[in-house]
2 protein chains.
Amino acid sequence: MKIDPADIRKILRRYGLKATPQRVAVYEAMRELGHASADMVYQQASMALNTLTVATVYNVLESFVQAGLLQRRMSSNNKMYLDVNTYNHCHLYCEKTHSYKDYDDPELMLLIHNHFRNRKIRGFDLHRIDVQLVGQKRSSSRLK
Amino acid sequence: MKIDPADIRKILRRYGLKATPQRVAVYEAMRELGHASADMVYQQASMALNTLTVATVYNVLESFVQAGLLQRRMSSNNKMYLDVNTYNHCHLYCEKTHSYKDYDDPELMLLIHNHFRNRKIRGFDLHRIDVQLVGQKRSSSRLK
DNA sequence: GTTGATGCAAAGGCTTTGCAACTAA
DNA sequence: TTAGTTGCAAAGCCTTTGCATCAAC
């Protein structure tokens with residue numbers, strides 16, 4: 001589960017990013033968290049690199065999004081959330097805890113993809129279709 | 001297009017809300033805007049009621065959401081957005097301007113609805129399925 | 001008359017910025 | 001060497017809060 005820092009440096013360079021210790025720590029944190037707010041990343045990454053500052057976390061996250069290494073997620077609580085998986089997938093979104101969970105449903109993706117195959121939207125360049133299953137996780141359960 | 005204030009008061013009471021001038025102005029603004037941030041509502045509603053304050057707009061919007069008269073939307077720019085239409089519908093979301101446009105596609109809704117008819121998600125109470133067509137509006141075009 | 005809503009100003013939370021010091025390539 | 005990154009602290013933006021006053025019912 002734990003990734004070799006050398007591998008992370010490779011990934012960063014592949015995306016055209018300088019492999020600083022801060023970036024390695026942030027990406028490592030994102031790999032562990034999957035979906036996270038800036039603060040969650042800061043908490044997690046600080047464990048590995050205690051000189052890290054919040055401002056740097058924001059800078060690093062932004063550079064990752066620009067490079068296409070991470071994806072911003074939408075949220076309904078006015079906070080920034082990021083997703084380590086950039087391929088096209090659905091999410092469960094808990095309205096109470098504002099937590100996300102990947103929901104892989106290839107059949108659904110195909111259904112939607114086919115639906116839009118021959119459909120154009122006037123005046124709009126479609127980048128992706130974002131499907132969120134919005135609700136609440138049951139108390140017994142745990143999304144991450 | 002312009003709604004009779006008396007009708008707005010009726011709507012508010014139907015949702016168990018006191019019909020204050022502030023609430024009437026805010027709801028009127030939402031009907032005009034369709035989708036809006038708190039600030040947009042404040043700008044718009046202030047035209048009709050210049051004594052309105054920002055704090056009141058936030059209070060009113062929150063009470064509307066609680067009552068089910070408005071729906072919160074997800075966004076990727078850390079701001080609150082609201083939708084005057086609470087029925088289940090898709091949205092075009094412009095990543096550049098963070099503006100929304102309703103995208104009614106009954107065929108797609110049916111497709112998705114059927115897909116989930118006999119599907120349960122373990123540990124999750126599904127409230128609604130939110131489909132966003134994320135992209136950018138072309139410069140020639142205008143979403144609201 | 002009650003109960004809840006508003007206005008104001010202040011505080012709060014999250015994010016961004018400017019700039020000097022530093023470092024990966 | 002140097003172009004780009006980090007740390008720090010301050011500022012910025014959006015949202016919430018406490019409380020006295022006010023108004024809808």
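In this text the structure is predicted, and so the values were computed from the model without any measurement. In what follows, chains are A, B, ... by sequence order, proteins preceding strands, each numbered from 1.
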A.B. asks: Select from B:Ala55 and B:Lys79 the residue whose nearest nucleotide in DNA chain D is closer to the 5' end of that strand.
C.D. replies: B:Lys79
A.B. asks: Under 4.0 Å, heavy atom to any atom of DNA chain D: which of residues 13-25 of chain A qualify?
C.D. replies: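 Of all residues in residues 13-25 of chain A, the ones placing a heavy atom under 4.0 Å from DNA chain D are A:Lys18, A:Thr20, A:Gln22, A:Arg23.
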A.B. asks: Salt-bridged, B:Arg73 to B:Asp130, with N to O below 4.0 Å?
C.D. replies: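 Yes, B:Arg73 and B:Asp130 are salt-bridged.
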A.B. asks: For A:Asn59, report the nucleic acid contact type (base, sugar-phosphate, nothing); a contact means any heavy atom under 4.0 Å.
C.D. replies: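 Base: the residue A:Asn59, judged by heavy atoms under 4.0 Å, touches a nucleobase.
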A.B. asks: In whole angstrom, give the distance that lies between atom CD of A:Glu62 and atom P of C:dT16.
C.D. replies: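 Roughly 7 Å, once rounded to whole Å.
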A.B. asks: As a test of reading the structure: which of D:dT16, D:dT17, C:dT16 is closest to the side chain of A:Met80, going by heavy atoms?
C.D. replies: C:dT16
A.B. asks: Scan B:Thr51 against the nucleic acid and name what it touches under 4.0 Å (heavy atoms): base, sugar-phosphate only, or nothing.
C.D. replies: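 Sugar-phosphate: the residue B:Thr51, judged by heavy atoms under 4.0 Å, touches backbone atoms but no base.
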A.B. asks: Mapping B:Asp39 and B:Arg9 onto DNA chain D by nearest heavy atom, which one lands closer to the 5' end?
C.D. replies: B:Asp39
A.B. asks: Side chain of B:Asn85, backbone of B:Tyr87: donor and acceptor closer than 3.5 Å?
C.D. replies: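 No, the answer is negative, given that no donor and acceptor are paired below the 3.5 Å cut-off.
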A.B. asks: Figure out the OH/C1' separation between B:Tyr27 and C:dA5, and round it to whole Å.
C.D. replies: 20 Å
A.B. asks: What is the separation between atom CZ on B:Phe64 and atom P on C:dA5, rounded to the nearest whole Å?
C.D. replies: 11 Å
A.B. asks: Between B:Gln43 (CD) and D:dC13 (P), how many Å, whole number?
C.D. replies: 14 Å
A.B. asks: Using the side-chain contact (heavy atoms from CB on, under 4.5 Å) rule, pick out the option among A:His35, A:Lys137, A:His91, A:Met40 that qualifies with A:Ser99.
C.D. replies: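 With A:Ser99 as partner, side-chain contact (heavy atoms from CB on, under 4.5 Å) holds for just one option, A:Lys137.
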A.B. asks: Any donor-acceptor pair under 3.5 Å linking the side chain of B:Ser46 with the backbone of B:Asn50?
C.D. replies: no
A.B. asks: Whole angstrom is fine here: how far is it from CG in A:Leu52 over to P in D:dG7?
C.D. replies: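 Value for this atom pair: 6 Å.
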A.B. asks: Which heavy-atom pair separates A:Val57 from A:Tyr42 by the least distance, and what is that distance?
C.D. replies: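 Taking every non-hydrogen atom into account, CG2-CD1, 3.8 Å.
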A.B. asks: Indicate yes or no for a side-chain donor-acceptor contact from B:Asp102 to the backbone of B:Asp104 under 3.5 Å, with no hydrogens or angles considered.
C.D. replies: no
A.B. asks: Where the side chain of A:Arg117 meets the backbone of A:His113, is there a donor-acceptor pair that is under 3.5 Å apart?
C.D. replies: no
A.B. asks: Hey, are B:Glu28 and B:Lys2 close enough for a salt bridge, meaning a charged N less than 4.0 Å from a carboxylate O?
C.D. replies: yes
A.B. asks: Measure CG/A:Leu49 against C1'/D:dT5 and give the value in whole Å, please.
C.D. replies: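 That distance rounds to 13 Å.
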A.B. asks: What's the OH-P distance between A:Tyr42 and C:dT15, to the nearest Å?
C.D. replies: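 These atoms are roughly 14 Å apart.
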A.B. asks: Can you tell me if A:Ser37 touches the phosphate of C:dC14, counting only side-chain N or O atoms and a distance under 4.0 Å to OP1 or OP2?
C.D. replies: no
A.B. asks: Looking at A:Thr56, I'd like to know whether one of its side-chain N or O atoms comes within less than 4.0 Å of OP1 or OP2 on D:dT5.
C.D. replies: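 No.
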A.B. asks: Under the 3.5 angstrom rule, does the side chain of B:Tyr93 hit a backbone N or O of B:Ser76 as a donor-acceptor pair?
C.D. replies: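 Yes: the side chain of B:Tyr93 pairs with the backbone of B:Ser76.
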A.B. asks: Axis-to-axis angle across the helix from C:dG1-D:dC25 to C:dA25-D:dT1, five pairs an end, to 10 degrees?
C.D. replies: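 Between the axes fitted at each end of the helix from C:dG1-D:dC25 to C:dA25-D:dT1 lies an angle of 50°.
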A.B. asks: Would a distance-only check, ignoring hydrogens and angles, find a side-chain to backbone donor-acceptor pair under 3.5 Å from B:Arg23 to B:Lys18?
C.D. replies: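 A pair under 3.5 Å: yes.
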A.B. asks: In whole angstrom, what separates A:Tyr58's OH from D:dA10's P?
C.D. replies: 18 Å
